[in-house]
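Per chain, numbering begins at 1; letters A, B, ... match sequence-line order.
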Number of protein chains: 2
Amino acid sequence: MSTADRLIESTQDLLWERGYVGTSPKAIQQRAGAGQGSMYHHFSGKPDLALAAIRRTAEQMRATAEACFSASGTAYDRIRAYLLREREVLRGCPIGRLTMDPDIIADPELREPVTETLDWLRARLAQIVAEGVERGEFDAGLDPERTAASVVATIQGGYVVARAAGSTAPFDAAVQGLLDLLATRAPRRPAP
Amino acid sequence: MSTADRLIESTQDLLWERGYVGTSPKAIQQRAGAGQGSMYHHFSGKPDLALAAIRRTAEQMRATAEACFSASGTAYDRIRAYLLREREVLRGCPIGRLTMDPDIIADPELREPVTETLDWLRARLAQIVAEGVERGEFDAGLDPERTAASVVATIQGGYVVARAAGSTAPFDAAVQGLLDLLATRAPRRPAP
DNA sequence: GTCTATATTCGGATAGAC
DNA sequence: GTCTATCCGAATATAGAC
């Protein structure tokens, strides 16, 4: 792997763990096994490197989610698969956490991939719910946009309560609570 | 207001806005209109002051929530009131955001009020759901713990998606989505 | 109780040699 | 491309005068 790649990967890790404000160029260099000069040769500075790292993380997150969304099964099944997919719950969401970083939110360029990713996620879920309603897999009364927003919020908030508790239990409970509620709105489809 | 109080209040604001890592003693002093010596006279350092601030914020948050919980109405009504209560959505949750602060999570003393507050919130909501089920205000099948976890996660995650979007809309949608789902499980109670 | 001076380390970067 | 030297201001305090 190239030095630039190692720098980006180290930055991804540190942003996930400590956020933007809590991540120093020196820490990045040490984790990547690269010197100062090397870092400033490949990137113009901390914001530039952070941007590359955030973009890469966003891309990976979309790919992981899309794998669940495009699987086979009913709308409910696919949403369920997404909610229950394996996660490193106690590390939190590498994109969602950036939302609490004032320097990220204040900088339009750094913020853009964060906004973009969570917007995409909601829209994609809304699309799946809408499909489900159309096919009779969900009750007609279920609002796609609202439901999608609830799914994303449950995940993001699940990370928060899990980290507060120091345990994945509250995350799992929140997800199960939502699935219980959603299941009620997913009638067994009558055989054709 | 005393100097110590102004220092605590300034710290509350800054922790909310910038987190622990992003908040410097100097910034606190300036906002409070106090000098270095003054701050170090009243508090042993940044962690000590932060602890006082976090405890105060936690106390205020519990009081605000309890006002909704102890109001009159059915269990659904009270949960609804809590979900819809006025919030400064784009500022996020002053307690929940600390969850992403590595230095807070790593320090048991600083972390304790955060854990405590969110644990209390979930337990209190579970109690309300359980009451509702008992009184027939909610379906018998509704799991109190899971449902409570979903409510807290929806709020916490709602803040995340709202900050990402730069708009309160996703927060409101997530809350409405959850309320839609919950309403289905709250049958109109037959007149006695 | 509050102020000013001083100290140490870190954050974030530039310059120039190799 | 990578390394070392150097720079300047901020972060987080301590010491001692008033």
Heavy atoms under 4.0 Å, any strand shown: does [X] hit a base, just sugar-phosphate, or nothing?
| X | answer |
| --- | --- |
| B:Ser2 | nothing |
| A:Gly37 | base |
| B:Thr23 | sugar-phosphate |

Exercise for the section: Measure the OG1-CH2 distance between B:Thr23 and B:Trp16 for me, rounded to the nearest 0.5 Å. Expected result: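 Interatomic distance, B:Thr23 OG1 to B:Trp16 CH2, rounded to 0.5 Å: 13.5 Å.
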Problem - B:Asp101 side-chain N/O to B:Tyr20 backbone N/O, donor-acceptor pair under 3.5 Å - result: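 Indeed, once roles are kept as given, a pair shorter than 3.5 Å links the two residues.
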Handout entry: Short N-O contact, B:Arg55 and B:Glu59, less than 4.0 angstrom
Key =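 No, no charged N to carboxylate O under 4.0 Å.
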Among the nucleotides [options], which one has an atom lying closest to any side-chain atom of [X]?
| X | options | answer |
| --- | --- | --- |
| B:Pro47 | D:dT12, D:dA13, C:dT14 | D:dA13 |
| B:Ser38 | D:dT12, C:dT2, C:dG12 | C:dT2 |
| A:His42 | C:dG12, D:dA13, D:dG1 | D:dG1 |
| B:Gln36 | D:dT2, C:dA13, C:dT4 | C:dT4 |
| A:Ser24 | D:dT2, C:dG11, C:dG1 | C:dG11 |
| A:Thr3 | C:dT4, D:dT2, C:dA13 | D:dT2 |

Separation of atom [atom1] in [X] from atom [atom2] in [N], rounded to whole Å:
| X | N | atom1 | atom2 | value |
| --- | --- | --- | --- | --- |
| A:Gln30 | D:dC3 | CD | P | 13 Å |
| B:Leu49 | D:dT12 | CG | P | 12 Å |
| A:His41 | C:dG12 | NE2 | P | 22 Å |
| A:Leu7 | D:dG1 | CG | P | 13 Å |
| A:Tyr40 | D:dC7 | OH | C1' | 13 Å |
| B:Gln29 | C:dT4 | CD | P | 12 Å |
| B:Lys26 | D:dA10 | NZ | P | 6 Å |
| A:Phe43 | C:dG12 | CZ | P | 16 Å |

Practice task
Decide whether A:Leu15 and A:Val21 are clustered together by the hydrophobic rule: side chain heavy atoms of Ile, Leu, Val, Met, Phe, Trp, Tyr closer than 4.5 Å, transitively.
Solution key: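 No.
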Practice task
Hey, can you tell me if B:Tyr76 and B:Phe138 have their rings parallel, tilted or perpendicular (30° and 60° cut-offs)?
Solution key: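 Rings of B:Tyr76 and B:Phe138: perpendicular, over 60°.
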